[in-house]
Each structure stands twice: as structure tokens, then as C-alpha cells.
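So the structure is just underneath, and the comments pick up after that.
Per chain, numbering begins at 1; letters A, B, ... match sequence-line order.
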Amino acid sequence: MYWTKTLIPTLREAPSDAEIVSHKLLLRAGLIRKLAGGVYTFMPLGLRALRKVEQIIREEMNRADGIEVLMPALQPPEIWEASGRAETASNVLFKVKDSSGRQWFLSPTAEEVITTIAANEINSYRQLPKNFYQISLKFRDEIRPRFGLMRAKEFIMKDAYSFDTTDDGAMASYKKMYDAYTRIFARCGLKAFPVEADTGVIGGNYSHEFMVPAETGENEVAFCEACGYAANIEKATSGIPKTAVREIGAAIEKFATPGVVTIEALSKEPYKVAANRQIKTLIYIADSKPVIILIRGDDQLNETKFAAKTGAVAVRPATVDEIVPLLGAKPGSLGAVVNVPADVKIYADERLQGANDMTTGANEDGFHLKNVSIERDIKVTAWFDLRTVSAGEPCVKCGKALKIRRAIEVGHVFKLGTKYSEKLGANFLDEAGARKPAVMGCYGIGVTRTLQAIIEQSNDKDGVVWPLSVAPYQVCITPLAVTADSEAMKLAEQFYTELTAKGVDVILDDRDERPGVKFKDADLVGFPIRIALGEKSLAKGEVEIKPRSSAFQSVKIEAAVEAVLALLKA
RNA sequence: CGGAGCGUAGCUCAGCCUGGCUAGAGCACUUGCUUUGGGAGCAAGACGUCGCAGGUUCGAAUCCUGUCGCUCCGACCA
């Protein structure tokens, strides 16, 4: 490609609505343009990089026995009602109506469609296992799109769905995808690592996310450098000890705490109740019903764990107006010892198991209770791990200190089980003629997000530093004179022809611009190798080969093409 | 949805508080000349419903009301 024949609208300054470096570079390098919030056009160079990421994914999916299909973006609500997700995923579903008033959903993912296909087309164990995948536009009504392609209303996702006859088979399919993902991200030049993950609205019981470490990531990951344990903070556990049991305390005693409404205030003079001897009482509305959650005063509730453990779909903190009629006191004086309606469930964090000599609210404004023994004095409905781990806690596997860092989620693999196959009738007949639901898995990669994650991870002060495998062009030839009869241009065209014939993606910067402009643009876009052809080196019979991420080397003209090919192979 | 901020040329921004000549600068764009190894110089030129609607006023980019859009924090997030 000749530079003047394509369109590479580079910007000297980043538009003011871009916040993070990868978003700024996507815009400055002319890779994307915004049409509206969370909605982008891929410009010629951005699309080339995107296609390369897609192709890597396609090759690895095919290698792992994936079979490519293409499912509709426009989906009838009926199948979403059958799976139950018309309601549970309602907040992210784009809903549109056709001219006759019929409603459609724009696909945010495709479990319902592929399971319907399986229900209709797969009847026998002889047809299994199968793993279908597609790379297509997805739509999510994100409350708050942000950071360019990172969280968009419309984006490209690779989604795959496996169908197996047995749980063991499903595990094998899962493992194949897990391995394929590891290869995909490595080939994209990304340092991505798998972590244990919550399954969210998708459902299922086993899941990993692939994370790219980045300060701008929207996720937090707890990990152990000693043994390799890693989990999303929403899922992570630690080996932190339970609350110490003390001598059996005296009977419960109510004491006045006027104006004290925080854990911290109660831990100070004159009360001096350490946070780790307090029970924090939180009231949540889980699927429209109030529930009480107890965690230790020095711990933080993990809402995702809470929803996952109790099976609740919609979870939110109760408002003061909901709490007062329920327990008779305002937040700050709440407890689960007295005055708790019998039908309100009480969930407690496991770290409180066996705890005694605790202090908690009296459900009476301005009063607390001490000498509370949780198992003696509170009717706990169920014990769960509900707390959020923090850095420095002992690893649940090896006991070494956990660390926490931020990361971008680029892929997610789920073992689904039979949730969708049962609801949508994806059954098969086994060897004995018994009718069984297929055991499913589903596997997603945010393709456009992956592209941005590559830039977020690989850039410097001058611009993008593309990994060779996904660069829009691998080589940029930069003649410093572009008139047709100049030696630089003749040689540039010769190199262009030779490298193109060898299958190299080459762009020739034939713009009549000053050298500085061309070098700055080439660095900004981030081509892995630049060949500069200028009078100074040509006079010595040489050209300059400049890898984007290392120093230039002068090479004899005759040896230039071979030298570039050698760099591309390295 | 709660909080905060911003909408003026393709991009970055000034002007607004304290209303008043024909609405500005830099970059980008067009033409010419010079220049040519890291975002050139000079000259000429083109580019604006000052987000939109309404109001106040002799007069509104500027003040008021509404509305739409964008960004950030939170909530949310497959």
C-alpha cells in the first residue's frame, strides 16, 4: 500500500475526550474515529490490525476443533424468555422494534441461538462433541461506555459454545479452549494470564478470565507469586484465620453509644471496641427481599460473592427508608440479635464462625450490645465466604502474602453445565437410547478490547509499538525524496516490490512531506520496521533499517531486503 | 441513576465572571515561493447556525430557563 492511496488521519494532539493512553493513541494514529459515545468506526489501519487479531483467533479456534458459524445479531425475544435471561440480562439488552411493532433483541451474546441450533440439529451422541464459534458484532446497552473500545455499546466478540455428552467431556472441551486462549494472547504479543472468576449472569459453575495487567484495567486480581494462585477479586479467597475465640463471655449487655454510627467511632474512646471484635450488620435487597448480612467490622462485603453464594440475581443495599421499618433503627445501630423478623434471612461471613465476645448494634438508635456470641445469640441462616480479600493476606493455597493488581479482562471461559440445554431442549440420545441434555461450555474473547489492550500494554512516548503479529503493516518504507526520478523513490519502489513478493505487509510513505513529519507519523502508528532512504546513507550505498523498539542499523543496499526478512523471522 | 465538569473552525484551546466594533490563536487544510534526516519559514486564502430551543435586553458566545450531547468519579458490568 502507498500511503497517499489509503487514509491515515494522524493527529498531533489527542481529542480531549480520550483519557487513557491506548484510547489516545487509537485516535491519534488514525486507527478509529468516534461516531457517538461507545460507537466507533475502524479506519483502514485500525481495521487491518483488527483483522490480524481475528485471524489469529480463527486459526487457533480451528486448531482446537472449533467450527465457525455466523449467527444473527437480530434475535427474537422468545428464546431469551425461554432461557430466563430476558429478565436477568434485561439491563444490557438493546431492544428494537420493526415496522409491524414486533420486538427484537440485538445480540449481546448467543447462548440462546446456538443452543436452539443444537436442539434442532443434534440428536445423537455420535454427533458430539461439537464446538461452534463466531466472530461478530455484539451489542450491549452499557450504562457507561468508556475508554474507547474498552467498554463500548457495540463491539466485536469471538464467542464459542461447546456441547458434550458428559461432564468429563465438557471439562476436556474447556481445557482445549483454555489452552487455545493461552496461545491466542501469546501470539498477539500480549502478556495475559488466567485467573479464577465469578460466573455472573451467564451462570455455570467453573470459570476463568484472561487478564492483561494494566493500571487502567477495570478489574482487580488477587494473585500469589509463590504458587501461582490468581483470582478476580470478586472471587478470590484467602487463608486468613477466623476470629479468635475468647473465654465464654457473660450475658449480653446493652450500652448507650449516642451518636456512634460507624465502626471507627466505636473503636475509639470511650468505647474502645476493636474493629475486629465488632459485627457489621448490612441490609440488602436481594431479588426484592430484604436480607441481613453479617461481616466482621474490619472486613468489606463482596457483593459479587454474596449474589453468587445466595443465587440472587439483583442485589442492592437497602435504603434508610426500607431499613427503619424492618429493624426499628437507622444504619449505625443495626444488629441481628433482637427484633429481627422471622422471615428475614441472615447470612454471615465464615470468618465470624464461633466468634464470641463481639459487639454489634442493638436495633435501637444510640445503643449497642456487647458480649455477643454469634452462634448463641444470632439465628444465622447460612454461612458463606462473603468478604473481600486484601493485599498481604495469606494465599489460600500456600500461605504466602497475596498481592492485588488491576487488569483488563480480554477473555472469559465458562463451564456452563446443562442450564441452557435443559431450558432450550438441547438433548441427545446416548448409547443406551436415553435422552440427556448436552453439557455445555461457553468461551468469549473481546476482540476489539484485545486490540486496545495490546496498545495499552505496548506503547512509548512516540506512539504505538505494535507486535509484529498484529501490526497494520509490518514494514514502512520511508523515502525522503518522492519524485519519480529520485534514487530514493526508485529504490523504495524496488524494495516494496521485493518485500511484497515475499508476502510481507509493506506500506510506502510516498507523501511529499518533510522527513520529520514522516518519521513522527511512522513512530506514532508504530510500524515494527522502518526503512529510511535518504541522500546521506544512499551516498554511502546504504539504507537505514530501524526496528520500532530498538536502534537503527545501516545496511548495504543490496543486503537490505534480506536484513528485513531476517528481522521479521526473528 | 447519584455527584462533578465540559460543549466556540477538522484537532487543541482563548474569549464568558463584569453583555457592546466584523468572534480569535496555534496546529491541520488550499495556493505560491523558499526549505528538506525527527512534527519548517514567509505570503496569500478558505473554514464557525459559538450544541439546540426559548427567555431577558436597544444589543447575547457571554446572563436566565429548558433540552441534547460528551467526559470523569460512583453505582452497574456476560
Side-chain angles (χ1 to χ4, degrees), chain A residues 7 9-20 23-24 27-28 30 33-39 80 83 85 88-93 107-112 138-148 150-153 155 157 159 161 197-204 207 209 216-219 232 234 303-304 307-308 313-317 319 409 411-414 416 419-420 442-446 449 461-463 478-483 486 488 511-524 530-539 542-544 546 552 554:
Chain A
L7 180 62
T10 56
L11 299 171
R12 191 177 292 213
E13 291 172 284
S16 56
D17 54 7
E19 201 70 18
I20 66 175
H23 187 195
K24 287 178 180 170
L27 292 164
R28 286 193 57 209
R33 283 294 181 263
K34 182 172 81 172
L35 181 62
V39 180
W80 286 81
S83 73
R85 290 207 297 178
T88 59
S90 178
N91 54 339
V92 297
L93 278 171
S107 173
T109 171
E111 280 82 7
E112 284 77 6
K138 300 295 188 297
F139 301 86
R140 290 188 192 176
D141 191 3
E142 294 286 352
I143 301 167
R144 189 177 156 208
R146 66 179 125 179
F147 300 153
M150 284 296 185
R151 179 170 294 281
K153 286 177 184 281
F155 59 98
M157 182 167 93
D159 42 327
Y161 308 90
D198 176 64
T199 52
V201 186
I202 276 263
S207 166
E209 289 163 335
T216 52
E218 296 189 81
N219 297 271
N232 191 310
E234 296 175 342
E303 287 188 15
T304 305
V313 174
V315 167
R316 64 168 175 85
T319 62
E409 177 194 346
H412 202 160
V413 293
F414 296 84
L416 281 177
K419 173 181 169 181
Y420 293 92
C442 73
Y443 318 94
I445 291 179
R449 182 185 283 179
K461 66 175 171 48
D462 294 315
T478 307
L480 300 185
V482 295
T483 48
S486 69
R511 293 176 298 168
D512 185 15
E513 287 284 356
R514 297 166 62 83
V517 172
K518 297 176 126 184
F519 290 146
K520 285 286 186 190
D521 272 349
D523 288 348
L524 176 58
R530 185 183 71 214
I531 311 174
L533 307 165
E535 281 180 19
K536 287 183 187 171
S537 33
L538 289 179
E542 291 176 343
V543 297
E544 269 172 32
K546 169 74 175 71
F552 78 87
S554 291

Pairwise [atom1] distance, [M] and [N] [rounded to whole Å]:
N      : M      : atom1 : result
B:rA78 : B:rC6  : P     : 33 Å
B:rG20 : B:rC13 : C1'   : 24 Å
B:rC1  : B:rA61 : P     : 32 Å
B:rA60 : B:rA53 : C1'   : 15 Å
B:rG54 : B:rU49 : C1'   : 16 Å
B:rG38 : B:rG45 : P     : 32 Å
B:rA14 : B:rG7  : P     : 7 Å
B:rG15 : B:rG32 : C1'   : 33 Å

Quiz item: Toward the 5' end of RNA chain B, which comes first, A:Gly38 or A:Arg511, by nearest nucleotide?
Solution: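 Looking at the nearest nucleotide for each, A:Arg511 comes out on the 5' side.
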
Exercise. Give a yes or no on this: more than 12 heavy atoms of other residues, nucleotides or ligands lie within 6.0 Å of atom CD of A:Glu218.
Key: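 Yes, because the 6.0 Å sphere around CD of A:Glu218 holds more than 12 heavy atoms from other groups.
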
Which whole-number value in Å describes the distance from [X] [atom1] to [N] [atom2]?
X        : N      : atom1 : atom2 : answer
A:Lys536 : B:rG38 : NZ    : P     : 7 Å
A:Lys24  : B:rU71 : NZ    : C1'   : 12 Å
A:Asn91  : B:rA75 : CG    : C1'   : 12 Å
A:Lys520 : B:rA28 : NZ    : P     : 14 Å
A:Glu19  : B:rC6  : CD    : P     : 15 Å
A:Lys153 : B:rC76 : NZ    : P     : 18 Å
A:Leu7   : B:rA28 : CG    : P     : 17 Å
A:Arg144 : B:rG5  : CZ    : P     : 16 Å

Self-check item: Check: A:Thr304/A:Asp198 side-chain N/O donor and acceptor closer than 3.5 Å
Solution: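 Note: A:Thr304 and A:Asp198 side chains miss the donor-acceptor criterion.
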
[X] vs [N]: side-chain N/O to OP1/OP2 distance below 4.0 Å:
X        : N      : result
A:Arg146 : B:rC73 : yes
A:Thr109 : B:rA78 : no
A:Ser16  : B:rC13 : yes

Base-pairing mate for [N] - Watson-Crick or G-U, with both contacts under 3.5 Å:
N      : result
B:rG74 : B:rC1
B:rU35 : none
B:rC58 : B:rG20
B:rC47 : none
B:rG26 : B:rC11
B:rC6  : B:rG69

Could you state the interatomic distance from [atom1] ([X]) to [atom2] ([Y]), rounded to the nearest 0.5 Å?
X        : Y        : atom1 : atom2 : result
A:Phe139 : A:Phe155 : CZ    : CZ    : 9.5 Å
A:Glu111 : A:Arg85  : CD    : CZ    : 4.5 Å
A:Glu142 : A:Lys153 : CD    : NZ    : 8.0 Å

Under 4.0 Å, heavy atoms only, any strand: does [X] hit a base, just the sugar-phosphate, or nothing?
X        : answer
A:Gly534 : base
A:Lys518 : nothing
A:Glu303 : sugar-phosphate
A:Phe147 : sugar-phosphate
A:Arg316 : nothing
A:Pro15  : sugar-phosphate
A:Arg28  : base
A:Ala14  : sugar-phosphate

N/O-N/O pairs, protein side and nucleotides 46-52 of chain B side, under 3.5 Å:
none

Does the side chain of [X] reach to within under 4.5 Å of the side chain of [Y], using non-hydrogen atoms?
X        : Y        : answer
A:Glu19  : A:Thr216 : no
A:Lys536 : A:Glu542 : no
A:Thr478 : A:Lys546 : no

Quiz item: Does A:Arg140 reach the main-chain N or O of A:Leu93 with its side chain, forming a donor-acceptor pair under 3.5 Å?
Solution: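 Here the side-chain-to-backbone pair does not exist.
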
Quiz item: Does A:Lys518 reach the main-chain N or O of A:Pro479 with its side chain, forming a donor-acceptor pair under 3.5 Å?
Solution: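 Here the side-chain-to-backbone pair exists.
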
Quiz item: Is a donor-acceptor contact shorter than 3.5 angstrom present between the side chain of A:Arg514 and the base of B:rU35?
Solution: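 Between B:rU35 and A:Arg514, which were checked side chain against base, a qualifying N/O pair under 3.5 Å is present.
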
Quiz item: Do A:Arg151 and B:rC77 share a donor-acceptor pair, side chain to base, under 3.5 Å?
Solution: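 Yes, the side chain and the base share a sub-3.5 Å donor-acceptor pair.
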
